[in-house]
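First comes the structure, then the notes that go with it.
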Amino acid sequence: MSLKKFVKSIITYIRHPLISILLISKGCYNFYIGKHLTINGNIDSKNFTCKNGLYLGYDARLLFVKEYKEKKYNPEILIGENVCIGNRFSALSAAPIEIGDDCLFASDVILTSENHGMDPELSKSYSDTILIAKPIKIGKGCWIGEKACILPGVVLGERTIVAAGAVVSKSFPPYSLVGGVPAKLIKRYNFEKHMWENINERKL
């Protein structure tokens, strides 16, 4: 570990002693977490895990929903090795959220594996409906752009790029470039030509 990374780890230990102890107990020693981390719900060694090399910017929010409206859920956040996450990141978990190794997240990204039900006949307020919880999996080496939102049930294949401001409501295969609201496939990487190609320029 370099001196710079060592100093950042010490700053994190001082700033966030409880979560630092948790991570160290899981064998993670090289990490940095910015100021003003908000954790809602109970966090423990079973529902939060990360590997070495985590960089988490300031004003991050982690939500663990174990029970809502008398229904039980399985919140879990798993972060791989050498993951860099920008400022104001949110991970809202009622089902597992898994982030693969070497992923890059810009600022203001939201990952949510839970959402309120959408039946307007069930109650006066959507907040009274039970949560719909589906796992999220972000493959190795993905790049998630500024202000992107990843919704329940999404699986992104490795090295996928999500454009800034995208709302991703469905899954995409490896080496995809996606963007828009809702997100659509824009390009795929062609290893034979060593370039990204628009999807209308090739047969998928």
Side-chain angles (χ1 to χ4, degrees), residues 1 4-26 28-45 47-66 68 73 75-116 127 131 133 135-138 141-152 154 156 160-169 179 181 183:
M1 183 188 305
K4 183 177 180 179
K5 289 182 178 180
F6 176 76
V7 171
K8 284 190 172 183
S9 294
I10 294 299
I11 292 172
T12 299
Y13 301 158
I14 296 171
R15 185 180 283 157
H16 307 292
L18 295 180
I19 195 170
S20 295
I21 292 171
L22 173 63
L23 294 178
I24 292 171
S25 72
K26 302 285 287 186
C28 178
Y29 300 98
N30 175 17
F31 57 89
Y32 171 80
I33 300 174
K35 59 184 179 181
H36 304 147
L37 171 66
T38 299
I39 299 174
N40 300 117
N42 296 324
I43 184 172
D44 55 43
S45 59
N47 63 17
F48 182 74
T49 302
C50 83
K51 297 180 180 179
N52 280 316
L54 171 67
Y55 178 95
L56 179 61
Y58 62 77
D59 290 337
R61 175 175 57 138
L62 305 178
L63 171 66
F64 298 87
V65 181
K66 292 187 175 181
Y68 188 81
Y73 296 93
E76 190 175 17
I77 299 175
L78 309 171
I79 303 176
E81 193 170 14
N82 296 323
V83 173
C84 181
I85 300 174
N87 301 326
R88 297 175 299 277
F89 170 78
S90 293
L92 316 178
S93 176
I97 294 175
E98 182 178 350
I99 299 172
D101 297 344
D102 303 308
C103 285
L104 172 64
F105 291 76
S107 297
D108 299 298
V109 171
I110 298 176
L111 305 182
T112 177
S113 62
E114 51 89 0
N115 202 355
H116 290 285
S127 66
L131 299 178
I136 289 174
K137 184 174 182 179
I138 311 296
C142 288
W143 174 17
I144 313 299
E146 188 102 2
K147 294 182 171 64
C149 180
I150 313 296
L151 297 179
V154 168
L156 297 180
T160 288
I161 299 174
V162 176
V167 177
V168 185
S169 58
V181 181

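Quick caveat, the model's predicted, so the values are computed rather than measured.
Within the 4.5 Å cutoff, no side-chain heavy atoms of Ile79 are placed close to those of Thr49. Contact annotation: the side chain of Leu56 never approaches that of Tyr32 to less than 4.5 Å [non-hydrogen atoms, C-beta and beyond]. Residues Ile19 and Ile33 are in side-chain contact: their nearest non-hydrogen atoms beyond the backbone lie under 4.5 Å apart. Using a 4.5 Å heavy-atom threshold, the side chains of Asp101 and Lys51 count as touching. Side chains of Glu81 and Asp102 form no contact here, defined as non-hydrogen atoms less than 4.5 Å apart. Between Val162 and Trp143 there is no side-chain heavy-atom pair separated by less than 4.5 Å. Looking only at side-chain heavy atoms (C-beta outward), Phe48 and Leu22 come within less than 4.5 Å of each other. Looking only at side-chain heavy atoms (C-beta outward), Pro135 and Ser113 stay at 4.5 Å or farther from each other.
The local environment of CG in Asn40 is crowded, with over 12 non-hydrogen atoms from other residues, nucleotides or ligands closer than 6.0 Å. Heavy atoms from other residues, nucleotides or ligands lying under 6.0 Å from CZ of Arg88 number more than 12. The environment of Lys35 atom NZ is sparse: at most 12 non-hydrogen atoms of other residues, nucleotides or ligands sit within 6.0 angstrom.
Taking every heavy atom of both residues into account, Tyr73 and Ala133 meet most closely at CD2-CB, 3.8 Å. Taking both residues in full, the closest heavy atoms of Ile144 and Ile150 are given as CG2-CD1, 4.5 Å, listed atom of the first, atom of the second, then distance. Considering every non-hydrogen atom in both Ala166 and Gly179, the closest pair reads CB-CA, 4.0 Å. The shortest non-hydrogen separation linking Ile24 to Tyr29 is CG2-CE2, 3.5 Å. Nearest heavy atom pair, residue Gly165 against residue Val181, reads O-CG2, 3.7 Å. Nearest heavy-atom pair across Ile138 and Cys103 is CG2-SG, 4.0 Å.
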Practice item. Given ring-ring contact (aromatic ring centres under 6.0 Å, His included), test Tyr13 with Phe31 step by step and report yes or no. Key: CA-CA 9 Å; Tyr13 301 158; Phe31 57 89; 5.6 Å; yes

Check your understanding: Yes or no on side-chain contact (heavy atoms from CB on, under 4.5 Å) for Asn47 and Lys66, after CA distance, side-chain angles and deciding distance?
Key -> CA-CA 10 Å; Asn47 63 17; Lys66 292 187 175 181; 3.6 Å; yes

Exercise for review: Kindly indicate, with the supporting measurements, whether the criterion side-chain contact (heavy atoms from CB on, under 4.5 Å) is fulfilled by Leu54 and Ile85.
Suggested key: CA-CA 8 Å; Leu54 171 67; Ile85 300 174; 4.2 Å; yes

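Put simply, CD1 on Ile11 and NE2 on His16 are 10.5 Å apart, with the number rounded to the nearest 0.5 Å. Taking OH of Tyr58 as the start and NE2 of His36 as the end, the distance is 10.5 Å to the nearest 0.5 Å. Atoms CG and CD1, from Leu156 and Ile161 in turn, are 11.5 Å apart once rounded to the nearest 0.5 Å. To the nearest 0.5 angstrom, Thr38 atom OG1 is 8.5 Å from Leu62 atom CG. Annotation: the span from Ser107 atom OG to Asn87 atom CG amounts to 4.5 Å, rounded to 0.5 Å. With rounding to the nearest 0.5 Å, the separation of SG in Cys50 from CG in Asn30 is 9.5 Å.
When each of Leu78, Leu111, Ile77 is tested with Ser93 by the rule side-chain contact (heavy atoms from CB on, under 4.5 Å), just one qualifies, namely Ile77. With Thr112 as the fixed residue, the side-chain contact (heavy atoms from CB on, under 4.5 Å) test singles out one of Leu92, Leu63, Ile97, Val154: Leu92.
Taking the six-membered ring wherever Trp is involved, the centroid distance between the rings of Phe89 and Phe105 falls below 6.0 Å.
Salt-bridge check for Asp108 with Lys147: passed, with a basic side-chain N closer than 4.0 Å to an acidic carboxylate O.
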